[in-house]
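Comments concern the structure below.
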Protein chains: 2
Amino acid sequence: MVESAKIDDFDLRILRILRGHGRMPLQDLSERIGLSPTPVARRVRNLEAAGVITGYAALIDEAALGYPVSVFVSVKLDRQVDRALAQFETAIRAFPEVVDCWLMTGNRDYLLRVATDGLAGFEDFLTRRLTRLACVSSIESSIPIRRVKSGICRQP
Amino acid sequence: MVESAKIDDFDLRILRILRGHGRMPLQDLSERIGLSPTPVARRVRNLEAAGVITGYAALIDEAALGYPVSVFVSVKLDRQVDRALAQFETAIRAFPEVVDCWLMTGNRDYLLRVATDGLAGFEDFLTRRLTRLACVSSIESSIPIRRVKSGICRQP
DNA sequence: CTTGAAATACGTTGACC
DNA sequence: GGTCAACGTATTTCAAG
């Protein structure tokens, strides 16, 4: 990726607003920032081209969709060969229950967040998805009570 | 929240598309799902009113912003009184470094994801933010190598 | 960077099936 | 619940200061 041009205060203010209101019309945006619409449009385009803004998304309420319970799962693989990692990651990306997945430092651990309709759905996920992967060695689950802060990215 | 009306296949397809392309014009959207723009607009409005779509956001690349390193932090509080929880959560919500925070079951643990510019920024966060909160009893950090899957919500 | 105007594209509304 | 057509608005692209 091209080294992004310097981000100035105007850009930061644009990002702060667009982070919470991704569909705000250019006209409203320009009023809030104190520039006319044309330069604001240019800045947004530049931020997109530089890869700072990678896209736009509708925020969807998982509970309203029928998945009110998240579970964090720590997974350890039994072999560190690259093939096991790639195989595992391909499967994870295809599982719709897995919202988020990180490869952690240490002992080939993965941390997943899984969204389910409750413990029944989570059991389904464990028995029909995770434990059927040959490379999985151990699994540890933690259940959150409540989400305190839900960010998509760090506040700019 | 009002019980959301039944979500049919068209709604699901709208959600699947809007989850990845939050700004897609109604016309393109309607072509992809095979309906005319008007009913699609109605459905989107209904999904918003029902709280299924809670908003729209620009997706911002944390690395491009200067925060390439995330750290997961487990925090344990020393007192379980509600006031300590509320105090901690208010502080967490105000810290720009904290992207995400969950209250976990068990021993009044919190799980945070913190986005920093590297270990220096993380040390700053620990010493100037977290450890200055009176209610914090213990802290444990885990550093991810790589993000395998980055979702905002479960795939509808 | 700003302004202003013209061309295009988009979203909403209403009548209608 | 769906379609079609028309209207008002937003966005983009120019020009020029």
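The structure presented is a predicted model; accordingly, all values stated were derived computationally and were not measured. Protein chains get the first letters and strands the later ones, always in sequence-line order, with residue 1 at the start of each. Values below: every heavy atom of this structure, side chains too, minus hydrogens, waters and symmetry copies.
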- request: Return the value, rounded to whole Å, for the distance between atom CG of B:Leu35 and atom C1' of C:dG11.
  value: 17 Å
statement: Between CD of A:Gln27 and P of C:dA5 the distance, given in whole Å, is 15 Å
query: Is the phosphate of D:dG1, meaning OP1 or OP2, less than 4.0 Å from a side-chain N or O of B:Arg42?
result: no
query: What is the distance, rounded to the nearest whole Å, between atom CG of A:Asp9 and atom C1' of C:dC1?
result: 16 Å
query: Thinking salt bridges, do A:Asp124 and A:Arg129 make one under a 4.0 Å N-O criterion?
result: no
- prompt: Below 3.5 Å, does any donor atom in the side chain of A:Thr38 face an acceptor in the base of D:dT12, or the other way round?
  reply: no
message: Tell me whether the side-chain N/O atoms of A:Arg43 come closer than 4.0 Å to OP1 or OP2 in C:dC1.
response: yes
task: May I have the distance from B:Asp28 (atom CG) to C:dT8 (atom P), rounded to whole angstrom?
output: 18 Å
- line: Among D:dT11, C:dC1, C:dT2, the one nearest any side-chain atom of A:Pro39 is C:dT2
query: At under 4.0 Å between heavy atoms, what does A:Arg23 touch on the DNA or RNA strands: base, sugar-phosphate, or nothing?
result: nothing
message: What's the closest nucleotide to the side chain of B:Pro25 if the choices are C:dT3, D:dA10, C:dC10?
response: C:dC10
- prompt: Can a salt bridge be assigned to the pair A:Arg146 and B:Glu89 using a cut-off of 4.0 Å between side-chain N and carboxylate O?
  reply: yes
- line: Of the listed D:dT11, C:dT2, C:dT12, the closest approach to the B:Ala41 side chain comes from C:dT12
- prompt: Does any N or O in the side chain of B:Arg154 come within less than 3.5 Å of the main-chain N or O of A:Val99, such that one atom is a donor and the other an acceptor?
  reply: no
- prompt: A:Leu26 has an atom CG; how far is it from atom P of C:dT8, in whole Å?
  reply: 20 Å
message: Does the plane of the ring in B:Tyr110 sit parallel, tilted or perpendicular to the ring in B:Phe88? Use 30° and 60° as the thresholds.
response: tilted
statement: note: B:Arg45, atom CZ; C:dT13, atom C1'; distance rounded to Å ~ 9 Å
field: Upstream residue (5' side of DNA chain C) when A:Pro37 and B:Met24 are each assigned their closest nucleotide
entry: A:Pro37
- prompt: Which is true for A:Phe10 with a 4.0 Å heavy-atom rule: it touches a base, it touches only sugar-phosphate, or it touches nothing?
  reply: nothing
- request: For B:Thr131 and B:Leu126, indicate whether the former's side chain and the latter's backbone hold a donor-acceptor pair under 3.5 Å.
  value: yes
